[in-house]
Amino acid sequence: MPPIPGSGLAKGLAVTLRTMTKKTVTEQYPDVQPELPPRTRGVIGLFEENCTVCMLCARECPDWCIYIDSHKETVPAAAPGGRERSRNVLDRFAIDFSLCMYCGICIEVCPFDALFWSPEFEYSETDIRDLTHERDKLREWMWTVPAPPALDPGAEEPKELAAARKTADKLAAQREAAEQEAAEREAAAQDAARPEQEGRE
């Protein structure tokens, strides 16, 4: 059956009329800050202590907007007769947010949890060169990273927590058994000493 002429126009006008009768809601930004979802991709923060200069984030970045410089340092042997080891030391870690496309690949591939998403989005600049954030600036963004969400109540307990709890329970049981054994020994010693005291009296 062919469509009735003008039916599309009538539908469009109906949508327009319905929208016209609804009250508009305007967010008063910047006077009122928006309520952002917890997983908002605003800016990337760097937790420098966790970075091992493995270069995975820079290699996997599709835009090549991560710049890392490092040098090697020799660590003396921990014990006599041991061998010296070398480790990478981070000299520079920078992200050019004028190139970044906020894909999050760098955060996903980081094996040591050194990069985090922050919901902060107010870091526009008048000069594009100022959008390259060095490691000091990236470290400051870490203070704005929200805490991780709580686990689903029905979720399985992480294996690490279960293992830690099992070890803690085992140590607590051993301590309790040792205390109980010490108390029994002390009580037995007191019982053995009581007849001698009675005989002296």
Side-chain angles (χ1 to χ4, degrees), residues 38-120 123 129-152 155-186:
R39 297 181 69 185
T40 299
R41 296 183 175 190
V43 71
I44 296 169
L46 169 68
F47 190 54
E48 197 176 317
E49 286 78 1
N50 284 1
C51 182
T52 61
V53 200
C54 66
M55 306 290 284
L56 270 176
C57 53
R59 280 197 300 246
E60 297 295 330
C61 177
D63 291 331
W64 291 85
C65 65
I66 300 175
Y67 311 112
I68 300 175
D69 292 329
S70 67
H71 70 275
K72 285 192 179 292
E73 274 187 4
T74 303
V75 180
R83 69 183 176 97
E84 294 180 340
R85 297 182 180 274
S86 63
R87 67 183 178 97
N88 289 326
V89 179
L90 185 67
D91 292 327
R92 183 186 185 216
F93 195 109
I95 300 177
D96 187 351
F97 285 102
S98 65
L99 295 176
C100 180
M101 65 179 186
Y102 303 90
C103 62
I105 291 175
C106 57
I107 295 171
E108 294 295 326
V109 299
C110 180
F112 300 104
D113 290 334
L115 297 171
F116 295 87
W117 278 121
S118 164
E120 291 292 321
Y123 53 94
R129 289 171 293 189
D130 293 333
L131 283 172
T132 300
H133 293 185
E134 297 293 335
R135 66 179 183 175
D136 295 336
K137 184 70 174 173
L138 295 172
R139 177 60 180 258
E140 288 176 19
W141 291 124
M142 276 303 299
W143 299 108
T144 63
V145 173
L151 291 175
D152 183 0
E156 219 177 275
E157 185 181 44
K159 292 177 183 175
E160 296 84 1
L161 283 180
R165 184 172 287 110
K166 186 177 178 182
T167 304
D169 291 344
K170 186 177 178 182
L171 289 172
Q174 287 175 352
R175 193 179 303 119
E176 189 179 340
E179 287 174 0
Q180 187 175 357
E181 188 179 342
E184 287 174 359
R185 266 190 263 134
E186 189 178 342

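The chain is numbered in sequence order, starting from 1. Quantities reported herein were computed from a predicted structural model and do not represent experimental measurements.
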Neighbour count >12 (heavy atoms, 6.0 Å) for atom CZ, R83: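 Count not over threshold, so no.
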Atom CD of E176 with >12 non-hydrogen neighbours under 6.0 angstrom: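 Incorrect, the count does not exceed 12.
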Main chain of [Y], side chain of [X]: is a donor-acceptor contact present, judged purely on distance under 3.5 Å?
X    : Y    : value
Y67  : D96  : no
D69  : L90  : no
R41  : C103 : yes
S118 : E120 : yes
N50  : D113 : yes

Worked check of side-chain contact (heavy atoms from CB on, under 4.5 Å) between I66 and F93: CA-CA 7 Å; I66 300 175; F93 195 109; 4.0 Å; yes
Quick one: pull up [atom1] in [X] and [atom2] in [Y] and give me the separation to the nearest 0.5 Å.
X    : Y    : atom1 : atom2 : value
K137 : D130 : NZ    : CG    : 10.0 Å
K72  : N88  : NZ    : CG    : 4.0 Å
D91  : R135 : CG    : CZ    : 7.0 Å
I105 : C110 : CD1   : SG    : 14.0 Å
L138 : E140 : CG    : CD    : 9.5 Å

Worked check of side-chain contact (heavy atoms from CB on, under 4.5 Å) between I68 and M55: CA-CA 7 Å; I68 300 175; M55 306 290 284; 3.6 Å; yes
Check ion pair E181-R185 (N to O, under 4.0 angstrom): yes
Cationic N near anionic O, under 4.0 Å, E49 to R139: yes
Flag side-chain contact, heavy atom, 4.5 Å: [X] against [Y]:
X    : Y    : value
P111 : L56  : yes
V53  : V89  : no
L115 : W117 : no
P62  : M101 : yes
C65  : C100 : yes

Worked verdict on I44 versus C106 for side-chain contact (heavy atoms from CB on, under 4.5 Å): CA-CA 10 Å; I44 296 169; C106 57; 3.8 Å; yes
Residues F116, W141; criterion ring pair (Phe, Tyr, Trp, His ring centres under 6.0 Å); working and verdict: CA-CA 9 Å; F116 295 87; W141 291 124; over 10 Å; no
Stepwise side-chain contact (heavy atoms from CB on, under 4.5 Å) test for L46 and M142: CA-CA 6 Å; L46 169 68; M142 276 303 299; 5.5 Å; no
F97 and Y102 aromatic ring geometry - parallel, tilted or perpendicular at 30°/60° bounds: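 Rings of Y102 and F97: parallel, under 30°.
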Pairing residues for E156 by the side chain to side chain contact (heavy atoms under 4.5 Å, CB included) criterion, not counting sequence neighbours: none
